[in-house]
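Worksheet: one structure, shown below.
In what follows, chains are A, B, ... by sequence order, proteins preceding strands, each numbered from 1. This one's a predicted model, so the numbers in the text were calculated from it and none came from an experiment.
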Amino acid sequence: MKKSRPMAATLAFVAAAGLMLGGCSAPTGAEAGEKKLTFMFRGGEDEKKAYEQAVSQFEKDNGVDVDIIVTTADQYTTKLKAAIAGKQVPDVFYIGPGDVQAYVQNGIVKDITEYVEKSDTIDLDNIWEYGVDSYRFDGKLTGQGAIYALPKDVGPFSFGYNKTMFEKAGIPLPDKDKPYTFDQFVDISKKLTADTNGDGSLDQWGTGLNVQWNLQPFVWSNGGDWLNEDRTKVTVDTPEFAETLQWFADLQNVHGVTPSVAEAQTLDTYQRWMKGEIGFFPIAPWDLSTYQKLGFDWDVIPYPAGKTGKPATWTGTLGIAVSENTQHPEDAVKLVEFLTANKEAQESLVKAGIQIPNLKDMAETWAADTTTKPANKAEFLEIVKDYGRALPGGNTYNAEWYDELFTNIQPVLDGKQTAKDYLKEAQPRMQQFLDAANQQAGIG
Amino acid sequence: MSMTMRRSRLHRKEHLAALLFVAIPVIGFLLFTLFPLLFSVYASFTNWNGISSPKFKGIDNYVKMFEDRYFLKSLWNTLYMMIGIPVGLAISLALALALNRKMRGTTFFRTVYYLPVISSIAAVAILWQWAFNGDFGLINQGLSLVGIDGPNWLQDTSTVKPALIIMAVWKGLGYSMLLYLAALQSVPRYLYEAASLDGASPWQQFRHITIPMVRPVTFFLIVTSIIGGSQIFVEINIMTPTGGPEFESASIVWYIWQKAFDNLQMGYASAMSVVLGLLVFIITFIQFRLNRRNQFSID
């Protein structure tokens with residue numbers, strides 16, 4: 001008993017001290033004088049494996065110690081913001097193109113243009129321009145100016161079809177070089193929508209598209225857009241835009257070529273596509289590993305094109321940036337370059353079926369191989385090189401105005417409100433949010 | 001003990017140890033509760049994106065809030081979803097009464113009803129998301145057995161809130177049931193004996209003995225459920241990541257979170273949190289006042 005009292009006091013003291021210090025403990029384990037970097041990122045198992053391997057290679061080659069912090073996809077933003085608020089910004093971390101503007105203006109990320117242009121680790125000409133340009137910012141608009149990050153990947157969101165279903169229905173296969181018109185697309189979708197087992201209810205549909213990720217390609221190829229050139233005006237109330245949204249809603253309400261109403265946000269059509277019940281469905285690089293196991297033959301084609309006759313779609317990307325306050329800017333940039341362009345890391349990511357190569361030459365070789373699925377890998381490269389655009393919400397200070405369009409869109413999809421009426425009503429609200437965002441960013 | 005009494009060495013040493021023990025929660029409170037609380041009050045008067053330094057701008061955020069239809073809607077949604085609280089309490093009291101009897105398998109049922117409480121809310125939310133799926137979901141499949149064509153629960157503006165309420169009730173049943181069970185077992189048997197000697201019917205016994213005797217537990221459950229219910233977030237964020245069809249399932253905390261971390265409006269989000277905090281405080285205060293009036297004792 002006697003002994004336990006000092007013990008208790010010590011215990012309490014240690015615990016109290018631990019509480020106070022817990023919040024601000026420095027990373028330990030580094031030898032004095034050794035260079036140390038922290039790298040924070042998010043991703044699935046394959047990504048983790050590929051990057052851990054690349055990082056340990058980097059450590060060996062450069063004599064730098066890299067601390068890896070991995071989070072899940074949903075926790076990443078919260079954790080990064082907490083790190084920033086606590087002035088513990090990791091030296092190297094992931095950043096979306098949508099964050100570039102805010103992070104640059106607040107001095108969080110470093111201008112790495114000079115380092116990258118002089119680098120011998122990376123050849124900028126061999127990286128997709130779209131990827132690099134997504135992280136340029138000239139103080140007013142993103143997409144041009146100094147480089148603030150390098151792409152971890154570029155994700156062309158493409159379209160695809162169930163080849164087996166076409167063959168069974170005796171419909172000529174789509175031409176990979178000539179996109180369908182909207183009308184052709186509806187016609188073929190109608191032919192594919194059928195009751196194949198004769199039980200009186202449909203079990204096969206032409207398509208089934210989520211509005212949030214599929215409206216952009218149709219709007220763009222029909223000559224519409226979300227914003228004007230200098231991103232100060234919301235242009236969703238144009239006839240082109242309304243026509244496209246109406247057409248999109250009509251796929252269900254008039255033409256009946258998609259499964260039941262109100263599935264815009266569920267996984268249902270995704271599951272149905274995987275079961276072989278859907279004719280047309282989007283295909284992105286991160287789907288490739290899952291789709292290898294599909295029980296039918298499939299391939300990639302361009303999205304159907306509206307009035308302009310040219311297909312369109314969006315290309316996602318995630319970048320790797322360097323903290324403005326890093327102690328070792330040169331090594332940090334080198335790590336970014338290494339992760340973006342390291343051959344082994346790229347190869348293992350591509351092999352895992354979650355992204356296309358960042359390196360142009362490697363991508364060309366990959367696309368030339370038509371023996372593995374999808375045969376038309378070249379479409380992905382076309383999108384990145386030619387017709388892919390950034391998601392509209394990613395180019396402004398925040399995406400509040402962009403989300404607003406989708407928040408109240410359901411009545412249009414259900415056929416209870418016309419696209420024209422809805423867009424007329426939504427435009428002022430979106431404009432208000434955009435104005436606020438631009439004002440925050442000091443533009444307009 | 002008078003203060004003038006001389007303290008022994010032993011007393012002083014014990015006093016020190018005690019102080020250190022007390023220090024832990026106090027420091028924890030200061031550091032992790034009071035400081036963030038005061039800071040968010042300050043932040044609520046600023047224009048702050050969460051990464052730069054905040055710029056003071058007075059009560060702008062508070063004015064904006066009452067013109068913000070999504071704020072008002074999410075506040076309404078949160079209130080609406082509290083319908084689940086009385087429903088949950090009634091069901092759990094009924095369950096507790098059932099399980100309070102001497103019969104076979106009570107331990108098994110208690111475990112079954114308590115399981116959701118200890119399960120991770122994230123996992124539970126994903127499970128229910130599947131159960132509520134309009135086409136393949138367990139619930140609609142069950143309904144189709146009795147000839148009902150179930151709705152697409154989470155995508156339909158009229159069913160998304162009821163769907164979330166059903167889940168919340170299910171998740172909370174075990175906890176309130178357990179507390180009621182403990183309360184029921186501490187009701188003195190002689191009260192029932194005396195009542196039945198006086199000819200009270202089972203319903204009268206329930207109405208005039210059981211209900212008043214478990215009132216402290218009911219009060220505790222109502223207060224904690226309202227505080228918890230006003231902070232509902234995880235299940236909303238998982239089951240309806242965009243706030244539901246036409247913002248029908250967005251709760252206030254979900255909206256605060258979205259503004260703070262998605263839209264770079266930490267200052268505005270702080271202002272909304274302050275208002276939420278005040279509302280919860282006021283409601284709880286009223287409850288305590290009302291409860292004091294109902295207090296009575298049996299001796």
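- Within 6.0 Å of the CZ atom in B/Phe281, the count of heavy atoms belonging to other residues, nucleotides or ligands does not exceed 12.
- Contact count versus chain A (heavy atoms, under 4.5 Å) is highest, among B/Leu19, B/Asn47, B/Asp262, for B/Asn47.
- Nearest heavy-atom pair across A/Asn106 and B/Ser52 is OD1-CB, 2.5 Å.
- Within 6.0 Å of the CG atom in A/Asn197, the count of heavy atoms belonging to other residues, nucleotides or ligands exceeds 12.
- Residue-environment remark: CG (B/Leu34) exceeds the threshold of 12 foreign heavy atoms within 6.0 Å.
- Between A/Tyr397 and B/Leu264, the closest heavy-atom pair is O-CD1, 3.3 Å.
- Contact of B/Glu248 with chain A is not made at all, since no heavy-atom distance falls under 4.5 Å.
- A/Gln105 is not listed as a side-chain neighbour of B/Ile51, based on a closest heavy-atom distance of 4.5 Å or more.
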Applying side chain to side chain contact (heavy atoms under 4.5 Å, CB included), run through A/Glu400 and B/Gln258 and close with a yes or a no. CA-CA 10 Å; A/Glu400 217 176 353; B/Gln258 194 206 24; over 6 Å; no

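- Of the two parts of B/Asn237, neither the backbone nor the side chain holds a non-hydrogen atom closer than 4.5 Å to a non-hydrogen atom of chain A.
- Per-residue counts of heavy-atom pairs under 4.5 Å with chain A were compared for B/Trp257, B/Phe247, B/Phe261; the largest is that of B/Phe261.
- Separating the CG atom in B/Asn49 from the CG atom in A/Asn398 is a distance of 10.0 Å, to the nearest 0.5 Å.
- Considering only heavy atoms from C-beta on, B/Tyr70 comes within 4.5 Å of A/Thr407 through its side chain.
- No more than 12 heavy atoms of other residues, nucleotides or ligands sit less than 6.0 Å from atom CD1 of B/Ile59.
- Considering all non-hydrogen atoms of both residues, B/Gly50 and A/Ala85 come closest at O-CB, 4.4 Å.
- Environment of NZ in A/Lys416: sparse, with no more than 12 heavy atoms of neighbouring residues, nucleotides or ligands closer than 6.0 Å.
- Other residues, nucleotides and ligands contribute at most 12 non-hydrogen atoms within 6.0 Å of the CD atom of A/Gln432.
- How far CZ of B/Arg69 is from CG of A/Asn408: 5.0 Å, rounded to the nearest 0.5 Å.
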